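Have a look at the structure below before the remarks.
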Amino acid sequence: MAAPNDGGYGQYPPQPYGEQAEYPDPNAQAYGSTASPPPQAGAPHPADHGRKKKRAYAAGAFEVGTGGNAGVGGQLPGAGQFGAPQPASPAYGGYPQADATQPGVYGAQQPQYGMPQPAAPGVGGYQAPEPYYPSAGAPPGPGDVAGITSGLSSMQLGAGAGPVSQQPQQLPPQARPVALNTLYPTDLLNQPFNVAELDLPPPPIILPPNTSVTPSPDANCGPKYVRSTLNAVPTTHSLLKKSKLPFALVIQPYAALHDLDDPVPIVQDQVISRCRRCRSYINPYVTFLDHGHRWRCNMCNLTNDVPQAFDWDAAAQKTVDRWQRHELNHAVVEFVAPQEYMVRPPQPLVYLFLFDVSYAAVSTGLLATSARTILDSLNRIPNADRRTRLGFIAVDSSLHYFSIPKDEEENPDASMLVVSDLDEPFLPVPQELLVPLTECRSSIEDFLTKLPGMFVNNQNNGSCMGSALRAGHKLISPLGGKIVVLSASLPNVGYGKLEMREDKKLLGTSKESSLLQTASGFYKSFAVECSKNQVSIDMFLFSSQYQDVASLSNLPRYTGGQTWFYPGWNAGRPEDAIKFASEFSDYLSSEIGLEAVLRVRATTGLRMSTFYGNFFNRSSDLCAFPAFPRDQCYVVEVAIDENLSKGVVCMQAAVLHTTCNGERRIRVLTLALPTTANLADVYASADQCAITTYYSHKAVERALSSGLESARDMLQSKVTELLQTFKKELAGGSMGGGLQFPANLRGLPALFLGLIKHVGLRKSAQIPSDLRSAALCLLSTLPLPLLMQYIYPRLYSLHDMPDTAGVPDPETSQIVLPPPLNLSSERFVPYGLYLIDDGQTQFLWVGRDAVPQLLFDVFGVEDRTQLHIGKGSLPELENDFNERIRAVIQKSRDHKSRGVGSIIVPHLYIVREDGEPSLKLWAQTLLVEDRADQGMSFHQWMGSLREKVVQ
């Protein structure tokens with residue numbers, strides 16, 4: 001069926017971005033209005049040597065020319081253009097390298113902490129940004145021996161690995177002073193933030209030698225699992241308070257949707273040694289005593305006995321080398337749990353699908369697409385133990401149950417039972433409503449094939465989804481499992497009935513926050529009840545009208561689920577159907593944990609004070625997850641209750657869960673951090689991405705409790721407070737005309753500005769509350785790498801990308817991306833082609849002066865007016881440049897390469913600079929450093945911060 005191309009909630013969002021929704025700065029230069037770089041004289045780019053002809057996509061270049069030769073009219077293309085002669089060592093964005101001797105110029109080769117270093121060539125000859133963390137007291141430089149030494153010490157090299165009796169004597173950590181990261185101030189105004197710095201690893205964790213009992217390089221937890229906002233912990237609460245920095249952990253126990261993509265060592269022998277007092281798990285940072293017969297807990301110092309079976313292989317009936325055990329070599333391990341870790345036999349994997357079959361769901365193709373995707377994904381649903389169960393309920397103004405027979409029965413047809421009593425819906429034949437996938441496979445396939453036809457003529461506009469949820473909970477609560485809601489309607493009948501409360505007059509006002517809060521207490525109280533019975537809820541929402549995402553998202557928020565929002569979705573648009581089918585299929589195939597709990601323990605003196613994420617806080621330090629997803633992160637704030645006397649402190653997260661295959665397991669992640677009494681060490685070891693993640697969760701909490709303006713004010717006052725503290729405590733009270741801040745935190749002002757201007761938080765009267773609520777859900781659940789991109793999107797220049805971009809790297813076989821650019825229209829030229837990607841949506845920006853050859857090579861058309869703008873995809877053409885562009889777009893979507901699991905497949909929108917205004921304005925809102933609507937530009941932002949700090 002044809003989809004309406006109405007620009008409402010549909011093809012490109014809604015009036016948040018249409019009808020003058022976002023006004024660019026009238027004084028700012030228009031896109032492409034910046035002067036292109038001057039022509040470069042001299043030798044052609046080294047990559048041009050011996051190469052065949054190459055396209056020239058500069059303004060006015062209509063013919064194919066040889067790289068380095070003059071374009072049309074005998075003019076050389078400007079530097080950085082496709083086909084232009086390149087400088088010998090191109091710098092940021094393909095522009096000439098700044099004078100290395102000129103101080104304070106971005107691009108100059110200065111020995112600054114965190115600055116891009118010239119050690120190794122990066123993408124296409126660009127210098128790869130490599131972090132350099134010199135040792136304390138030593139001048140920075142690549143040959144710094146102390147820096148190398150401290151780097152080796154951070155890997156915990158040097159400890160013995162022989163039998164117990166040969167293990168060397170361990171000195172107490174506090175007796176081993178160690179040089180931590182050195183603080184390097186930078187001037188934020190003269191040495192601006194470069195987006196490539198967001199890809200740098202956090203400041204290294206520098207531990208004293210022999211801190212761990214084995215020399216394993218995996219003894220400390222890697223940043224893809226746990227990141228601390230501070231990689232050097234203040235020894236006192238007063239020092240932490242003085243720093244104004246937060247102390248929190250960003251925890252993502254799983255780095256992939258499937259175990260095969262991220263293997264973790266598994267301890268199979270069920271010998272689990274734990275501290276008798278604090279219940280911490282044995283790990284690489286314990287100390288062995290009494291000839292290895294006892295071990296001292298690194299959390300609470302209690303001495304414990306080593307289990308007799310710890311050095312014995314029961315399967316092989318022989319002794320084993322203790323120092324080869326996974327839990328002493330790896331900070332991230334998974335234990336197979338014995339019987340005492342189970343309160344009941346492991347539950348099977350259960351999926352109960354609640355289909356909206358109202359007119360809205362049927363007419364948009366949601367019912368047909370959902371049923372077809374489940375049918376095509378039956379082989380992907382985890383079922384290795386052959387116990388997985390499925391159930392189906394259809395919902396309009398009544399409940400439609402489906403009794404599915406086993407395959408061997410004579411009549412394979414499912415029978416439909418309609419219940420109209422919504423107050424106390426009963427369960428007819430409950431034993432046939434939740435059926436084993438293996439034993440009923442043929443009947444399930446038959447049912448899913450026929451389901452769309454059962455409701456093809458349904459004109460019912462009612463939705464009793466609240467009552468359906470209660471019935472679903474009653475059905476699966478004896479076992480637990482997942483309720484999967486697929487809805488295109490506002491629940492308007494029965495329990496949890498919601499009203500249309502969207503009021504455009506409230507948008508952009510102080511009363512807007514009321515639209516972001518739940519309209520009915522049913523959704524939170526019901527979610528808590530589900531959590532107690534190990535029932536998790538995931539919401540897939542598709543309405544083209546108001547759907548009250550703010551209320552419905554409470555269900556996943558307290559049950560370990562997620563809310564996926566598809567505004568204006570219609571299966572009549574192939575892009576919509578393909579996106580949802582791909583994401584839903586990957587969702588069904590994901591390996592999830594069941595009946596899970598998360599607890600974080602720490603060294604005496606530290607306490608986990610606040611938890612953020614989608615779960616239910618069952619007690620002060622226990623987070624309950626009926627289902628544990630693999631594509632979310634969690635933030636835990638840490639309090640310092642007592643002075644820390646140790647030189648190293650440890651924190652340990654443990655996730656007890658049942659795998660999809662019915663095995664009870666415990667995933668344990670142990671992080672060791674050095675302590676310091678020096679404020680400079682604290683700042684030098686602060687992680688700007690982890691800090692931003694913490695404040696993203698804080699801002700969402702503030703927005704939901706006190707309003708959007710309060711959240712924005714909190715972010716601005718926090719970054720101002722940090723700058724003021726640095727000035728007062730570490731810069732001698734003077735800024736010297738600039739704005740001093742540590743180089744490792746240089747991106748913090750840009751990231752905070754990105755948060756303030758984000759669709760979830762920014763001040764605007766044009767953003768529907770559903771769109772805002774969905775964005776807030778992502779801001780509080782996305783894994784850190786995806787969250788950084790969501791806050792500060794990626795911008796790539798494609799028309800002049802290096803020859804190595806868009807093709808596989810010879811060593812890694814991974815597609816190479818062009819160098820990212822800062823999000824400013826100053827980076828644009830009118831003849832350019834750019835990709836803007838926030839991880840959820842991609843925009844391919846075509847400049848108003850793009851030459852016909854570029855249009856023909858990329859899109860297969862020679863006139864911009866022939867371009868299909870809006871939601872779409874690139875045609876597959878048989879030329880090198882088209883293949884490279886498609887490879888870059890696909891690689892930019894590849895979340896797996898960043899060490900995170902995600903089912904998201906971003907939509908691609910083709911944007912013409914002189915095309916549809918609302919689409920253009922939407923894309924421009926992602927340019928964080930530009931002024932738009934009521935948001936200030938990055939230069940204005942930095943100016944206002946400086947004024948506040950100098951006062």
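All values below come from the heavy atoms of this structure, side chains included, with hydrogens, waters and symmetry mates left out. Throughout, numbering of the chain's residues begins at 1 and tracks the sequence. In this text, all values refer to a predicted model and were calculated from it rather than measured experimentally.
Within the 4.5 Å cutoff, the side chain of V816 has no heavy atoms near those of the V807 side chain. Between M801 and F881 the shortest side-chain heavy-atom distance falls below 4.5 Å. Looking at P819 and P802, their side chains come closer than 4.5 Å, going by heavy atoms from C-beta outward. Residues L798 and P818 are in side-chain contact: their nearest non-hydrogen atoms beyond the backbone lie under 4.5 Å apart. For the pair Y831 and L854, the minimum side-chain heavy-atom distance is 4.5 Å or more.
Under the 6.0 Å cut-off for aromatic ring centres, Y834 and H799 qualify, their centroids lying closer than that.
The closest side-chain donor-acceptor pair between N879 and E883, if any, does not fall under 3.5 angstrom. In the model, D930 has a side-chain atom that pairs as donor or acceptor with a side-chain atom of S825 under 3.5 Å. For the residue pair E916/S918, the side-chain donor-acceptor check at 3.5 Å is satisfied.
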- Check against side-chain hydrogen bond (donor to acceptor under 3.5 Å, both in side chains), D800 and S797: CA-CA 6 Å; D800 60 352; S797 179; 2.5 Å; yes
- R772 vs V549, side chain to side chain contact (heavy atoms under 4.5 Å, CB included): CA-CA, chis, key distance, verdict: CA-CA 9 Å; R772 232 192 241 287; V549 175; over 6 Å; no
- Task: List the steps and the verdict of salt bridge (Lys or Arg N to Asp or Glu O under 4.0 Å) for R884 and D857.
- Result: CA-CA 11 Å; R884 291 171 59 206; D857 284 355; over 6 Å; no
- Begin from the C-alpha positions of W922 and T841 and carry the test side chain to side chain contact (heavy atoms under 4.5 Å, CB included) through to its verdict. CA-CA 11 Å; W922 181 19; T841 310; 4.2 Å; yes
- Just do the side chain to side chain contact (heavy atoms under 4.5 Å, CB included) check on N882 and I885 with the steps written out, would you? CA-CA 5 Å; N882 175 273; I885 295 289; 5.8 Å; no
- Message: For L795 and L835: C-alpha separation, side-chain torsions, deciding distance, then whether side chain to side chain contact (heavy atoms under 4.5 Å, CB included) applies.
- Response: CA-CA 6 Å; L795 169 63; L835 177 67; over 6 Å; no
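With sequence neighbours excluded, no residue forms a salt bridge (charged side-chain N to carboxylate O under 4.0 Å, His left out) with D837. Residues passing the side-chain contact (heavy atoms from CB on, under 4.5 Å) test with Q866, sequence neighbours excluded: V861, D863. Looking at residues two or more places apart in sequence or on another chain, you find no salt bridge (charged side-chain N to carboxylate O under 4.0 Å, His left out) involving D631. Evaluation of the side chain to side chain donor-acceptor pair (under 3.5 Å) rule for Y587 yields D538 as partners, not counting sequence neighbours. For the salt bridge (charged side-chain N to carboxylate O under 4.0 Å, His left out) test, residues two or more places apart in sequence or in another chain that qualify with D914 are R864, R912. Here A581 pairs with T373 under the side-chain contact (heavy atoms from CB on, under 4.5 Å) rule; sequence neighbours left out. By the side chain to side chain donor-acceptor pair (under 3.5 Å) test, S585 is found to be paired with S377, R380, residues two or more places apart in sequence or in another chain being considered. Residues satisfying the side-chain contact (heavy atoms from CB on, under 4.5 Å) test with A775, not counting sequence neighbours, are H758, V759, Y790. Residues that satisfy the side chain to side chain donor-acceptor pair (under 3.5 Å) test with T781, not counting sequence neighbours, are Q562. Q814 meets the side chain to side chain donor-acceptor pair (under 3.5 Å) test with K891; sequence neighbours excluded.
Taking all atoms of both residues into account, the shortest heavy-atom contact from L776 to G760 is CD2-O, 3.5 Å. Of all non-hydrogen atoms in G572 and P574, the two that sit nearest each other are O-CD, 3.5 Å. The shortest non-hydrogen separation linking I910 to L919 is O-CD2, 3.4 Å. Of all heavy-atom pairs spanning N822 and E929, the tightest one is ND2-OE2, 3.1 Å. For A923 against I836, the heavy-atom pair with the smallest separation is O-CD1, 4.2 Å. The two residues P906 and Q842 have their closest heavy-atom pair at CB-CG, 4.0 Å.
Ion pair K871/D576 flagged as a salt bridge, since at least one NZ, NE, NH1 or NH2 atom sits closer than 4.0 Å to an Asp/Glu carboxylate oxygen. With respect to E575 and K579, no salt bridge is recorded, no charged nitrogen being found less than 4.0 Å from a carboxylate O. Electrostatic pairing of E913 and K920 does not count as a salt bridge here, judged by no charged N lying under 4.0 Å from a carboxylate O.
Taken from CD in Q840 to OG in S902, the straight-line distance is 7.0 Å, to the nearest 0.5 Å. In this structure, L821 CG and R827 CZ are separated by 6.5 Å, a value rounded to the nearest 0.5 Å. For the atom pair CG of D838 and CG of L778, the computed distance is 9.5 Å after rounding to the nearest 0.5 Å. Note that CZ of F584 is 6.0 Å distant from OG of S370, once rounded to the nearest 0.5 Å. In this structure, CG in D770 is found 4.5 Å from CZ in F565, a value given to the nearest 0.5 Å.
When atom types are taken as modelled, the side chain of Y792 and the backbone of L823 share a donor-acceptor pair closer than 3.5 angstrom. Proximity of a side-chain donor or acceptor of T369 to a complementary backbone N or O of A577 within less than 3.5 Å is not detected. S892 places no side-chain N or O within 3.5 Å of a backbone atom of V888 that could act as its donor or acceptor partner.
Residues in residues 882-907 take part in no ring pair (Phe, Tyr, Trp, His ring centres under 6.0 Å) pair, two or more places apart or across chains.
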Below 3.5 Å, can you tabulate the donor-acceptor pairs from side chains in residues 747-756 to any protein atom, sequence neighbours excluded?
none

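Aromatic ring orientation, F542 versus Y566: parallel (interplanar angle below 30°, classes split at 30° and 60°). Below 30°, between 30° and 60°, or above 60°: for F540 and W564 the angle between ring planes is below 30°, a parallel geometry.
Other residues, nucleotides and ligands place more than 12 heavy atoms under 6.0 Å from the CZ atom of R886.
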